[in-house]
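Here is the structure we will look at.
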Amino acid sequence: MRKVMSNMNWMVLALLAVTMTAAAQQSASAPQNPQPVAARQPSQAPSGQAQSNLAPPTTMDQVVDRVIVREKDLIKFLSPRTPIVETYLQDLTQDPQLGPIPQEDHYFLGRMDLSESIDRSDYLQDKGKDEGMEKRLLGGLTKKFKFQYQPLGFSWMIYADRNDFDRQHYDFHYARREFIGDVRCLVFDLTPRKDAGRGRFLGRIWVEDQEFSIVRLNGTYARPSRNSHYFHMDSWRLNLVPGYWVPSYIYSEEGDFTAGAKNKIAFKAQTRMWGYNLKTGTANDELTSIRVDSVKDNTPTAQDATPLAAEREWQQQAEDNVIERLERAGLLAPEGDVDKILQTVVNNLEITNNIELPRPVRTRVLTTSPLETFSVGNTIVVSRGLIDVLPDEGSLAMVLSHELAHIVLGHNLGSQYAFNDRMLFSDEVTYQNLGFKHIPEEEAAADKKAIEMLKASPYAQKLDSAGLFIKALQARAPSLGALLQAHLGNSITENGRVTRMAQLATSAPALDWNKLDQIAALPLGGRVKLSPWDDKVEIVKAQPVAITSARDKMPFEVTPFFPRLSRYSNASALAEATAASPTTTATTANTSPTPTN
Ligand SMILES: [Zn+2]
């Protein structure tokens, strides 16, 4: 028996609409208010086997020695892995009212090979690979003819120094102790020695005080050559496996908008790593093994399928193949709690529209940032970035209703993937080998059907916010070409114009950036947290931060990272999973923003 559910989880999310990001909140409270040390006894013994029989260091010199050993351990531990690396970058321009806003954007997605040095192969089409070694590895930017971002440059700071992290190349100066989240850290400033050569790390490292692993690096590389430029980076690691802090997020920013500053470049960029635990190996192993058990015969009496049943089984097989292949490539999160939230919304749309489908509709989260959706068989896929920027449940319903409409109207795509040979490709060419784009006629039909369904649903009263979201997207679309470029499904925009569900904008209130209680769209990264180790997604839990000016809204923008660091613990992971507190939900309902005129 299904019934319409009030989506409590999403109401928690609505609270986030009035927050900036977890980042701002963390930066404001964490370092200034370290909690008493006594309250922070480790819940388990340090788990790095290498350290278990070492006495605690008694001098700072011994600590530095330990840090160096731990960093080399990490480099070795990660060397067989090829995580996914995604960089999303916004070039900035100064808006007199809103401050720096995006003018243009760039998107890079690839796999990193951490075995010998740090190398990167891209999922997206390559444009020219003539760059020299130094620029490729460290520059991040070349300025021979015009500025050209080098994607690898953004991920270089996963280590301070891949090859020469030692006392021969660096001076370590102890600065102070500091809490980051739950983790007490020792802070060191690192400067390259005089004869250490070009491209050495220059900046600060934070080291946790139990096993002495680096948890954060902040700085740049010293002495660039004439034709390259080293970015400033803030690089974060998470304790996702016992004994190791895994490089997870890197924020980069350049540019100065103070009076009189003359800057040729101004940008901010987020780099995320994930898929550390994806199966890796030789090129042969990367080919997907053929799945033989995808069609299970559960019928008590063996009977041949009717033509329609056979057709449905065929579609199911294609759907399973695609979902499994995307998950294996690290592009789809494993099934989890975020799916339940999405499914509740789909369920509400189905019930109120009397939709009965032969197979249940499932939802899954694409791990990437570009705003896109598609469906394959009865599975609706929504990208992490799109869920991030949606302001509320009404706009989420809008996004899901379009894909549900495709399913209801029988716009099935992808049945060719029921042939298993079509799943045999390497991860890097996933985008070239899979595609779920509808023809314009089906897009229009899906929009029409979706709006019908929304109007008959519990979301009928919440379509103003969905319309406002489209207006905000329209206002920013010309500058966000890369964010709006879909890689598997139809793009939401065409030539800088929002096409998807655009009709909803006509009845929405006027968009007003200066209206502080009108939250039309959120910044990226504030809502969905992606685990770099196992690709699981969960909803970020963060206290709201009041918006005090139009500049705080930052719709569709990237912001710095400020993860709340905590030590690896199975117990705490469990506690977090069950911590959806009903009291929080109750207060949220009152504060969720209601867009008004
Ligand atoms: Zn569509």
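Every heavy atom of this structure was used, including side-chain atoms; hydrogens, water molecules and symmetry mates were not. All ligand and atom numbering here is 1-based and tracks the order in the structure.
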### the Zn ion (ligand 1) to Glu443: nearest N/O/S atom name
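Atom name returned: OE2.
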### Task
Assess His411: does it contribute an N, O or S atom lying under 2.8 Å from the Zn ion (ligand 1)?
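Short answer: no, not a single N, O or S atom is under the cut-off.
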### Query
Any N/O/S atom of His402 sitting less than 2.8 Å from the Zn ion (ligand 1), backbone or side chain?
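Yes, since at least one N, O or S atom of His402 sits under 2.8 Å from the Zn ion (ligand 1).
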### Task
Applying side-chain contact (heavy atoms from CB on, under 4.5 Å) between Gln315 and each of Glu319, Glu313, Glu311, report the one that passes.
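Single side-chain contact (heavy atoms from CB on, under 4.5 Å) partner of Gln315 among Glu319, Glu313, Glu311: Glu311.
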### Message
Taking the six-membered ring for Trp, are Phe436 and Tyr417 closer than 6.0 Å centroid to centroid?
### Response
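Between Tyr417 and Phe436, which both carry aromatic rings, the centre distance is below 6.0 Å.
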### Query
Ring centroid separation for His487 and Tyr107, is it under 6.0 angstrom?
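Between Tyr107 and His487, which both carry aromatic rings, the centre distance is below 6.0 Å.
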### Message
For Arg272 and Asp388: C-alpha separation, side-chain torsions, deciding distance, then whether salt bridge (charged side-chain N to carboxylate O under 4.0 Å, His left out) applies.
### Response
CA-CA 15 Å; Arg272 291 159 204 273; Asp388 268 345; 5.1 Å; no
